[in-house]
Amino acid sequence: KGVEASLSRHGVEAIDLLFSHIPDAGTPYEETLAAYAGLLKAGKIRAIGASNHDAVQLEEALTVADRTGLPRYQVLQPEYNLYDRASFEGPLRNLSVAQGLGVVTYFSLASGFLTGKYRQEADLDGTARSGMVGKYLNAKGKAILQGLDEVADAHRAKPVEVALAWLMARQGVTAPIASATSPSHVKSFASAVDLHLSDDETILLEKAGG
């Protein structure tokens, strides 16, 4: 029902990539993957991915797919950015690389915090993101912004461009998801593709984030 509703809303014949947003402990992987097999056979979706899965959950889902001949997840969508690194770096990244999964990160800019727009509580007044960004306004967050400023100045770039350039260069990452609300945002995101950080700059940024 969800797929049919999505196809209708978007006016398309097929969904290019459908994600399992969060694992459901009460639903076996076989049941979920079998449902996807039907949708793939019907041509309603073209590929499947997993979001918010840890390494154990993802590996189990892939094992079930291999054992049963059901579709495998081809893409992982983890939360990952310069501030929030722990959940992806380590076993989950290692598994993704070993299995050849595409990785598209969400909250790539930490809800906008890594743009440098929000630096103190007053900057959150009247914004819809105050509840999400406020948690980054601490010593760690401010150290990361300082590092982003330093590297951005060296490249005559913007902090957001440095944050995305760092992310795109990380092992296992295929592409970041970043929200744009204006043409200038899109232009800035595009500039990040051509921004290459030195090893020293990468170390500086990662040390700032602990």
Leu114 and Tyr136, any side-chain heavy atoms less than 4.5 Å apart: no

Enter the distance from Leu17:CG to Ile48:CD1 here, rounded to the nearest 0.5 Å. 9.0 Å

Compare all side-chain heavy atoms of Arg93 with those of Leu101 and state whether any distance is below 4.5 angstrom. no

Cluster check Val104, Val97: I/L/V/M/F/W/Y, side chain < 4.5 angstrom: no

Any sub-3.5 Å donor-acceptor pair from Ser188's side-chain atoms to Ser184's backbone N or O? no

Rounded to the nearest 0.5 Å, how far does NZ of Lys207 lie from CD1 of Ile203? 6.5 Å

Stepwise, does the salt bridge (Lys or Arg N to Asp or Glu O under 4.0 Å) test hold for Arg67 with Glu60? CA-CA 10 Å; Arg67 186 180 70 241; Glu60 184 176 350; over 6 Å; no

Is any side-chain heavy atom of Ser20 closer than 4.5 Å to a side-chain heavy atom of Thr32? yes

Is there a side-chain contact between His155 and Glu201, using heavy atoms and a 4.5 Å cut-off? yes

With a 4.5 Å cut-off on side-chain heavy atoms, are Phe107 and Tyr83 touching? no

Closest heavy-atom pair, Arg72 versus Gln99, reported as atoms and distance to 0.1 Å, is NH2-OE1, 2.6 Å

Run the numbers on Glu13 and Lys44 for salt bridge (Lys or Arg N to Asp or Glu O under 4.0 Å), then give the verdict. CA-CA 6 Å; Glu13 295 182 354; Lys44 295 182 184 296; over 6 Å; no

Smallest separation among heavy atoms of Pro159 and Ala152, with atom names: N-CB, 3.9 Å

Are the aromatic rings of Trp166 and Tyr80 close, with centres under 6.0 Å apart? yes

Here the gap from Ile45 atom CD1 to Ile15 atom CD1, rounded to the nearest 0.5 Å, amounts to 7.0 Å

Would you compute the distance between atom OG1 of Thr105 and atom CZ of Phe88 and round it to the nearest 0.5 angstrom? 8.5 Å

Do the rings of Tyr29 and His53 sit parallel, tilted or perpendicular, given the 30° and 60° boundaries? tilted

Check the hydrophobic clustering (I, L, V, M, F, W, Y; side-chain heavy atoms under 4.5 Å; chains of links allowed) and say if Val186 and Leu195 are grouped together. no

Note: Leu167 and Pro176 closest approach over all heavy atoms is CD2-CB, 3.6 Å

Within-4.5 Å side-chain heavy-atom neighbours: Lys158 and Thr115: no

Close side-chain approach of Asn81 and Phe113, heavy atoms under 4.5 Å: no

How far apart are the C-alpha atoms of Val151 and Leu197, what are their side-chain angles, what is the distance that settles it, and do they pass the side chain to side chain contact (heavy atoms under 4.5 Å, CB included) test? CA-CA 8 Å; Val151 176; Leu197 307 180; 3.8 Å; yes

Taking every heavy atom of Ser51 against every heavy atom of Pro23, the minimum-distance pair comes out as O-CD, 4.2 Å

Surrounding CD of Gln146 (heavy atoms of other residues, nucleotides or ligands, distance under 6.0 Å), is the total greater than 12? no

Within 6.0 angstrom of Glu59 CD, more than 12 heavy atoms from elsewhere: no

Side chains of Asn52 and Tyr106 only: does a donor on one sit below 3.5 Å from an acceptor on the other? yes

Can you tell me if Gln57 uses its side chain to pair, donor with acceptor, with the backbone of Asp54 under 3.5 Å? yes

Between Glu161 and Lys187, is there a side-chain N and carboxylate O pair less than 4.0 Å apart? no

Is there a chain of hydrophobic side chains (I, L, V, M, F, W, Y, each step under 4.5 Å between heavy atoms) that links Leu109 to Val193? yes

Just by distance, do the side chain of Thr174 and the backbone of Gly102 share a donor-acceptor pair under 3.5 Å? no

Ignoring hydrogens, what is the shortest heavy-atom contact between Leu76 and Ser96? Give both atom names and the distance. CD2-OG, 3.2 Å

What are the two closest heavy atoms between Leu164 and Ser108, and how far apart are they? CD2-CB, 4.4 Å

Check the hydrophobic clustering (I, L, V, M, F, W, Y; side-chain heavy atoms under 4.5 Å; chains of links allowed) and say if Val56 and Tyr73 are grouped together. no

Other residues, nucleotides and ligands only: do more than 12 of their heavy atoms fall within 6.0 Å of CG on Asn138? yes

So how far is it from Glu79 CD to Ile177 CD1, rounded to the nearest 0.5 Å? 11.5 Å

Determine, step by step, whether Met168 and His196 satisfy the side chain to side chain contact (heavy atoms under 4.5 Å, CB included) criterion, reporting the C-alpha distance in whole Å, the side-chain angles of both residues, the deciding distance to 0.1 Å, and the verdict. CA-CA 10 Å; Met168 287 186 284; His196 302 287; over 6 Å; no

N/O donor-acceptor pair under 3.5 Å between Thr68 side chain and Val64 backbone: yes

Using a 6.0 Å cut-off, check whether atom NZ of Lys140 has over 12 heavy atoms from anything other than its own residue. yes

Min side-chain heavy-atom separation Leu205-Glu150 under 4.5 Å: no

How long is the gap from CG on Leu137 to NZ on Lys135, to the nearest 0.5 Å? 11.5 Å

